[in-house]
Amino acid sequence: MADKDKIYIFDTTMRDGEQSPGASMSVEEKIQISRVFDDMGIDIIEAGFPITSPGDFEAVSAISKGLKNSIPCGLARAKKKDIDACYESLKHAKRFRIHTFISTSPVHMKHKLNMSDEQVVDAVKESVTYAKKFTDDVEWSCEDGTRTTLDFMCKTIELAINCGAKTINIPDTVGYSIPEEFAKTITHIKNNVPNIDKAIISAHCHNDLGLAVANALAGLSAGVRQIECTINGIGERAGNAALEEIVMAIKTRNDLMPYDTGIKTELISKASKMVSNATGFPVQFNKAIVGKNAFAHESGIHQDGMLKNRETYEIMSPESVGVKQTSLVMGKHSGRHAFKDKLNDLGYTDVTDDVIQEAFGKFKVLADKKKHIYDEDIIALVDDSLIVDNKINAINLKSLKVYAGTGEPQKAEMTLDVFGDIKHTVQTGDGPVDATFKCIKELYNHDVKLLLYQVHAVTEGTDAQATVSVKIEENDRTTVGQSADTDTLVASARAYLNALNKMLIKREKKSLSENIEHQKVKGGV
Ligand code: KIV
Ligand code: ZN
């Protein structure tokens, strides 16, 4: 490994990824995800864009304090107040990176910035020099790089390096480039920027033409040594290059790409699930590496080949990305100790005793109801308990009975604990889920918009647990709630309540943070 070039993995799931319409994550969720990223060996974690909102500021600050190995990073436009916000949010970290950017393409300079070439050059000089006062680790990006004239790009890169930038990021902001062209751009930079050896070249590729990963990998052969990517490929519009695809492509085709990312690939599946849960964005079944079907072999010929030798149809093992073969785990007689060992095997190494106790209680209940319990069932239980552990349950489900079927209007009867008051109601609705949600509205009067209601079976069979995700919106704030149960309606009620409880916390935080002075910048990059 020692003689292989190191490729730095820069994750921007919590910044660019969160810019996917509707993909917001709470600060608590970001902290939990950042711990897994840290354990995975991600080199740099872009935790947010601190000037944009108090929530982003708080997330960057909280994440940066907790990282053991990864370098926290914040994004800033070429403005002093953005860079100040970055510094304020990162200053408690042992070391940190400030990532500052400005558009350099003619179309962006004219229509978005309304700035001349000279003004952009001045802004590059000023912003990089200013960021450098706070840290030695400054990254500079020429936004819309792939639609920038090569001469102007080289001029601004040379200047940014002279002002102290150590990483130069080339964004394909609108996902316009194709692999050969992207590689040529990097080669041109290598050959025409005299001080380029003083910086690491980075690729930040968007997926509008489905070429983000291909472009980033093409960049490697031309000299890129940092790749910016996101888990599950989430990000603006069609998303960013997917981290799991980049890392596994390098690992699997190390014969042609002899590089080392240092990523513990066994944590990929866990990270993917956490990001999907936090954002409420499902992973498409056939998604490379992390899709449900990525390691499934359906046809008889393939299954036959696999049984004879896995290499016939498998270029990497599911275990190498942390996907355990769905296995029968334990029965209702299994003890707490075996349950804890199982959690360890599944990658839950740092969960508290309270969470284990809570999940174990649910496991016993499930074992009574369900014949076969699979790893995925246990994962759903423990994830559910982790949410409870965040102490965000002011409103709790006590009981639910639903009457469904043909003919009669569907009816739900519910008892809730609302801040300690036990309340009961019966409501009819347009279907059992509607009746269930109406009960919650009746028992706790609130006005939120339901943005997403989604059910997926965790394992196969009619006795499978269902994981329900619910996303709600109130005054531009969104929360995602989740729950798993063999009863889809119970899971639905709990998921809705989970989202609602999180919304109550957001409301509380909002009123606190109104005292903090922050300038809100609308829109993303
Ligand atoms: O896509 C883009 O250009 C960006 C930059 C801020 C790096 O996200
Ligand atoms: Zn981007």
Side-chain angles (χ1 to χ4, degrees), residues 8-21 23 43-53 56 60 73-79 82-83 85-86 97-109 111-113 115 120 123-124 127-128 131 137-148 152-153 156-157 160 165-177 182 185-186 189 199-213 215-216 219 224 226-243 246 279 521-525:
Y8 292 90
I9 297 295
F10 176 114
D11 180 275
T12 182
T13 305
M14 290 182 268
R15 197 280 297 168
D16 211 323
E18 212 198 25
Q19 284 174 213
S20 308
D43 298 290
I44 302 107
I45 299 177
E46 189 165 56
F49 194 172
I51 190 77
T52 56
S53 72
D56 255 43
V60 176
C73 170
L75 184 67
R77 291 170 302 178
K79 292 181 189 291
D82 284 38
I83 296 168
C86 260
R97 174 176 296 188
I98 294 179
H99 176 191
T100 181
F101 71 98
I102 190 164
S103 291
T104 48
S105 69
V107 62
H108 274 217
M109 289 193 294
H111 299 292
K112 177 177 129 167
L113 299 177
M115 284 166 84
V120 168
V124 173
S127 57
V128 176
D137 191 350
V138 175
E139 170 169 333
W140 180 75
S141 285
C142 42
E143 191 190 356
D144 205 16
T146 51
R147 293 193 299 169
T148 298
F152 190 58
M153 194 183 341
T156 50
I157 291 174
K166 291 268 174 65
T167 305
I168 296 294
N169 184 37
I170 311 300
D172 184 22
T173 303
V174 289
Y176 180 66
S177 204
F182 192 74
T185 302
I186 304 298
I189 293 168
I200 286 178
I201 307 179
S202 165
H204 176 110
C205 299
H206 278 269
N207 206 28
D208 299 65
L209 294 173
L211 293 171
V213 170
N215 285 337
V224 159
Q226 171 179 288
I227 295 187
E228 303 202 351
C229 43
T230 59
I231 289 284
N232 300 337
I234 63 169
E236 284 268 6
R237 306 178 310 279
N240 290 62
L243 182 147
I246 298 281
T279 55
V521 177
K522 275 270 164 214
V525 179

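Each ligand, and each atom within it, is numbered from 1 in the order the structure gives.
Using a 4.5 Å heavy-atom threshold, the side chains of Ile170 and Cys142 count as touching. Ile83 places a side-chain heavy atom less than 4.5 Å from the side chain of Ile98.
Take the N/O/S atoms of His204: the one nearest the Zn ion (ligand 2) is NE2.
Expressed to the nearest 10°, the angle at the Zn ion (ligand 2) joining OD2 in Asp16 with NE2 in His206 is 100°.
There is a side-chain donor-acceptor pair under 3.5 Å between Ser141 and Asn169. Side-chain contact check for Asn240 and Thr230: no donor-acceptor pair (N or O, by modelled atom type) lies under 3.5 Å. In the model, Ser202 has a side-chain atom that pairs as donor or acceptor with a side-chain atom of Gln226 under 3.5 Å. Side-chain contact, Thr148 with Thr104: a donor N or O sits under 3.5 Å from an acceptor N or O.
Look at Arg15 and you'll find a heavy atom under 4.0 Å from some atom of ligand 1.
Taking distance alone, with nitrogen or oxygen atoms compared against 3.5 Å, His204 approaches ligand 1 more closely than that limit. The N/O atoms of Glu228, backbone and side chain alike, include none that comes under 3.5 Å of an N/O atom in ligand 1.
Listed by atom number, the atoms of ligand 1 under 4.0 Å from Ser141 heavy atoms are 7 (C). Short contacts between ligand 1 and His206, defined as distances under 4.0 Å to a heavy atom of the residue, involve ligand atoms 1 (O). Remark: ligand 1 atoms within the under-4.0 Å shell around heavy atoms of Glu143 are 3 (O). Interface atoms of ligand 1 facing Asn169, defined by a heavy-atom separation under 4.0 Å, are 7 (C).
Here OG1 of Thr13 is found 9.0 Å from CD1 of Ile45. Values are rounded to the nearest 0.5 Å.
Here Thr173 has heavy atoms under 4.0 Å from ligand 1 in both its backbone and its side chain.
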